[in-house]
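Quick caveat, the model's predicted, so the values are computed rather than measured.
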Amino acid sequence: MNKILSKTKFTLKTTVLSLFFLISLLLLFIIGIQLFYIDKQLSIDSINTKIKSISLNIQTVISNNEKTNFNTVELMDALDSNDKFKLYINILSTQKNLYAVYTGYKDGSFYEIINLDIDKSLRKTYNASLNDKWLFITIDGKNIDKREVSLFDKNLNLTTSRVEENNYNPTLRPWYIDANNKSGIIKTSPYKFSHIDTFGLTYAKKINENGDVVAIDVLVDNFNNIYKEQVDKNSMEIFLFQKNGNLLSTLSNSEDNFQEFLNNFQDFTKFKNAQIIELNNTKYIASIEHIITKGENEYLLLLADYKETIKPYNKQTLKLLSTFLLTSFIMIPIVLYFSRIIVKPIFRLVNESKKIKNRDYSSVQKVSSNIEEVSILSSSFMDMSKSIYEYQYSLEEKVKQRTKELSEKNAELYKVSITDKLTNIYNREKLDSVLSDELNKSLRYNTDFSVLILDIDFFKKINDGFGHQVGDEVLKESAKIFLENIRNTDVLGRWGGEEFLVICPHTKQIDAKIIALKLNRVLQEHKFKNYPNSVTISVGVASYYKGIEKFDEIISNADKALYEAKNQGRNRVILFENI
């Protein structure tokens, strides 16, 4: 090393400082990468997360509203009220998202109540005042060319009533025709209302053999409240639209960027992960989430201003860079000090330690230093070299032997801890661990998995008739048969007594049933060594579904299905049905 230093003419101090500056430059390079790449990626990831969160909220709202809207139509069908006016007012009052409630009759008669507060343009369309709350429209089928329009305030006092020309025939409307052609409640695709500038949906149902239909209207624009809670309007724009370009709902001051986006990009799948694009000479981070609920097919587009989105991350990085530079300047005199006082004797200690490493114990020398700890360490090196020389070889052999024995014992203990003593398959503790792991995967990735609880039919008769030893042999042979006939990915264990549990990852309930039927078949066909009769099993099958948070719930469901299998006469497979 001294020869190398002599040739290069580098002092130890210079070497330490050079190393310090090299590390500093490397860290600066890493921070630069963060500034120009990682910050960009973080901003894109934040948009991905935000769009998925908004999409999930919208789908949740749609699902909840769907149930409420279906229940409302069912309620209108079930209640035979002579006073439809008050009934419909009560429905609109309790469900703030409804636009209108109405009934269409086969003879062309029509009975509708509209909530004027649902859209700001309604009052202008129907010449209503700010005091008016409800719009009441009636059409008499005997005089279908006319309709009566009445306005009521919030206390249901009549404020205005007029008769005007009518060209509306409910029996010709798609909701009326669909309701009469299909059983149950129908739901239309989003469409643009004719008298207000917004999109909506209609839910309808035929209520009698005459073909009369009750229906409600819901505005799609109600999703704006979801956007407002999660989107920064100053730097982000969001659009809910159909594939054909119909804009259903938006949170933006202008549709220019939306139209420009549709003109430039037709393949929406490439935006499932956020991309950086340019619209109207401005950079944006764009992400699209495909929303599918109850047959509907819409897209959610989020445009985030690139500069505004990345700005917080850049600020953080610049602060980090400033802090690093300041720290580097402070560290320079400290490095110089330690290079002079500490580094040199430590370097000599390293050389002495290399001698020990190379087993050159006779040439090990003591290092003199003003630092007490270095002197102590040097003395320890001297003592250590002597001790190592005497004991090194014997200790190495002992360590190897003990390590091998410990490894074998640990492997043996682990196997014993997860193995059932009688059947030599997994025990209850191992099964609980696997169930917990599979449930966590399903909760995180929404994957399927199923469980089978297998119970040997009339096992008590085997014990009572042939003795417990024969019963144990039946259990062991059954376990071997099950193990040989499940898939490599399935997990088998003894659940307790004559019950076995099979865990089937990534398996739907119907596929798990096939496995259960196969196990029952091969067991029936098996000839036992010490038991002359055939053996059958009853099987309960249950699967993970959304809403389950503990694996005990799946086991409970499988137990219920097993109970039903026994109740139906055993020797069968029953699936748990989540109602």
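- Ion pairing between a basic and an acidic side chain is recognised when a charged N comes within 4.0 Å of a carboxylate O; Lys133 and Asp117 show such pairing.
- Here the shortest heavy-atom pairing between Val73 and Ala204 reads CG1-C, 4.2 Å.
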Please evaluate residues Val539 and Leu519 with respect to the criterion side chain to side chain contact (heavy atoms under 4.5 Å, CB included), reporting the C-alpha separation (whole Å), side-chain torsions for both, the decisive distance (0.1 Å), and the verdict. CA-CA 10 Å; Val539 185; Leu519 295 179; over 6 Å; no
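- A 6.0 Å sphere centred on CD of Glu549 holds no more than 12 heavy atoms belonging to other residues, nucleotides or ligands.
- For the pair Met236 and Leu303, the minimum side-chain heavy-atom distance is 4.5 Å or more.
- Counted within 6.0 Å of NZ on Lys513, heavy atoms from surrounding residues, nucleotides or ligands total 12 or fewer; the atom is thus considered open.
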Determine, stepwise, if the pair Glu74 / Lys205 fulfils salt bridge (Lys or Arg N to Asp or Glu O under 4.0 Å). CA-CA 8 Å; Glu74 290 286 3; Lys205 182 183 181 183; 2.9 Å; yes
Yes or no on side-chain hydrogen bond (donor to acceptor under 3.5 Å, both in side chains) for Thr536 and Asp457, after CA distance, side-chain angles and deciding distance? CA-CA 6 Å; Thr536 63; Asp457 295 331; 2.7 Å; yes
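- A donor atom on one side chain and an acceptor atom on the other are not found under 3.5 Å apart for Thr68 and Gln95.
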Intermediate values then yes/no, side chain to side chain contact (heavy atoms under 4.5 Å, CB included), Lys480 and Leu483: CA-CA 5 Å; Lys480 183 180 179 182; Leu483 192 62; 5.7 Å; no
List the steps, then state whether side-chain hydrogen bond (donor to acceptor under 3.5 Å, both in side chains) holds for Asp420 with Thr423. CA-CA 6 Å; Asp420 177 63; Thr423 60; 2.6 Å; yes
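- Between the OH atom of Tyr563 and the CD1 atom of Ile453 there is a distance of 15.0 Å, given to the nearest 0.5 Å.
- The distance from atom OH of Tyr544 to atom CG of Leu435, rounded to the nearest 0.5 Å, is 14.0 Å.
- Counting heavy atoms from C-beta on, the side chains of Arg428 and Arg494 never come closer than 4.5 Å.
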Could you check Leu523 against Phe528 for side chain to side chain contact (heavy atoms under 4.5 Å, CB included), going step by step and ending with a plain yes or no? CA-CA 10 Å; Leu523 186 65; Phe528 288 85; 3.8 Å; yes
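- For Lys461 and Phe458, the positive end sits near the middle of the six-membered ring, less than 6.0 Å away and at most 45° from its axis.
- Here the side chain of Asp511 pairs no donor or acceptor atom with the backbone of Thr507 at under 3.5 angstrom.
- Seen from the ring of Tyr426, Lys430 counts as a face-on cation partner, given the 6.0 Å and 45° thresholds.
- Counting heavy atoms from C-beta outward, Leu439 and Leu443 have side chains that approach closer than 4.5 Å.
- Side chain of Glu564 to main chain of Lys560: no donor-acceptor pair is present (N/O by atom type, distance under 3.5 Å, no hydrogens or angles).
- Of the inter-residue distances, the one linking Leu301 atom CG with Tyr299 atom OH reads 12.0 Å to the nearest 0.5 angstrom.
- Between Leu475 atom CG and Ile425 atom CD1 the span is 9.5 Å, to the nearest 0.5 Å.
- If you look at Phe500 and Phe482, their ring centroids are closer than 6.0 Å.
- Nearest heavy atom pair, residue Val101 against residue Ile216, reads CG2-CG2, 4.1 Å.
- Smallest separation of non-hydrogen atoms from Ala561 and Gly540: CB-CA, 3.7 Å.
- Counting only heavy atoms from C-beta outward, the side chains of Phe449 and Ser543 never approach each other to under 4.5 Å.
- The backbone N or O of Gly211 lies less than 3.5 Å from a partner atom in the side chain of Asn180, making a donor-acceptor pair.
- Ion pair Arg487/Asp490 flagged as a salt bridge, since at least one NZ, NE, NH1 or NH2 atom sits closer than 4.0 Å to an Asp/Glu carboxylate oxygen.
- Using a 4.0 Å cut-off between charged nitrogen and carboxylate oxygen, Lys550 and Glu553 do not count as a salt-bridge pair.
- Closest approach of Gly108 to Asn169, counting heavy atoms only: CA-OD1, 4.0 Å.
- The ring of Phe271 has its center closer than 6.0 angstrom to the ring center of Phe261.
- Remark: the Ser93 side chain and the Asn90 side chain contain no N/O donor-acceptor pair separated by less than 3.5 Å.
- The side-chain heavy atoms of Ile89 and Leu156, taken from C-beta on, include a pair separated by under 4.5 Å.
- Taking 4.5 Å as the limit, some side-chain heavy atom of Ile555 sits within range of a side-chain heavy atom of Leu501.
- Using modelled atom types, no side-chain atom of Ser556 and backbone atom of Asp552 make a donor-acceptor pair closer than 3.5 Å.
- Side chain of Ser109 to backbone of Gly141: a donor-acceptor contact under 3.5 angstrom is found.
- In this structure, Thr188 contributes its side chain and Thr202 its backbone to a donor-acceptor pair below 3.5 Å.
- Ring centroid separation for the pair Tyr88 and Trp134 does not come in under the 6.0 Å cut-off.
- Every residue was checked against the ring-ring contact (aromatic ring centres under 6.0 Å, His included) condition with Tyr105, not counting sequence neighbours, and none meets it.
- Taken from CD1 in Ile113 to CD1 in Ile137, the straight-line distance is 10.5 Å, to the nearest 0.5 Å.
- Rounding to the nearest 0.5 Å places CD1 of Ile503 at 7.0 Å from CD of Glu438.
- Listed for the Thr94 side chain is a donor-acceptor partner under 3.5 Å among the backbone atoms of Ile91.
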Passes side chain to side chain contact (heavy atoms under 4.5 Å, CB included), Phe239 versus Leu302? Steps please. CA-CA 7 Å; Phe239 306 91; Leu302 177 62; over 6 Å; no
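- Heavy-atom contacts from other residues, nucleotides or ligands closer than 6.0 Å to CG of Asn488 number 12 or fewer.
- Residues Glu473 and Lys476 are paired through a salt bridge, judged by an N-O separation under 4.0 Å between the basic side chain and the carboxylate.
- For the ring-ring contact (aromatic ring centres under 6.0 Å, His included) with Tyr102, the qualifying choice from Phe110, Tyr111, Phe85 is Phe110, the only one to do so.
- When each of Val573, Ile456, Leu562, Asn571 is checked for a side chain to side chain contact (heavy atoms under 4.5 Å, CB included) with Ile537, only Ile456 meets the rule.
- Glu525 CD: more than 12 foreign heavy atoms inside a 6.0 Å radius.
- Taking a cutoff of 4.0 Å between a charged side-chain nitrogen and a carboxylate oxygen, Lys106 and Asp212 do not qualify as a salt bridge.
- Across Gly471 and Asn463, no two heavy atoms sit closer than the pair CA-OD1, 3.3 Å.
- Without hydrogens or angle criteria, Arg173 side chain to Thr171 main chain gives no donor-acceptor distance under 3.5 Å.
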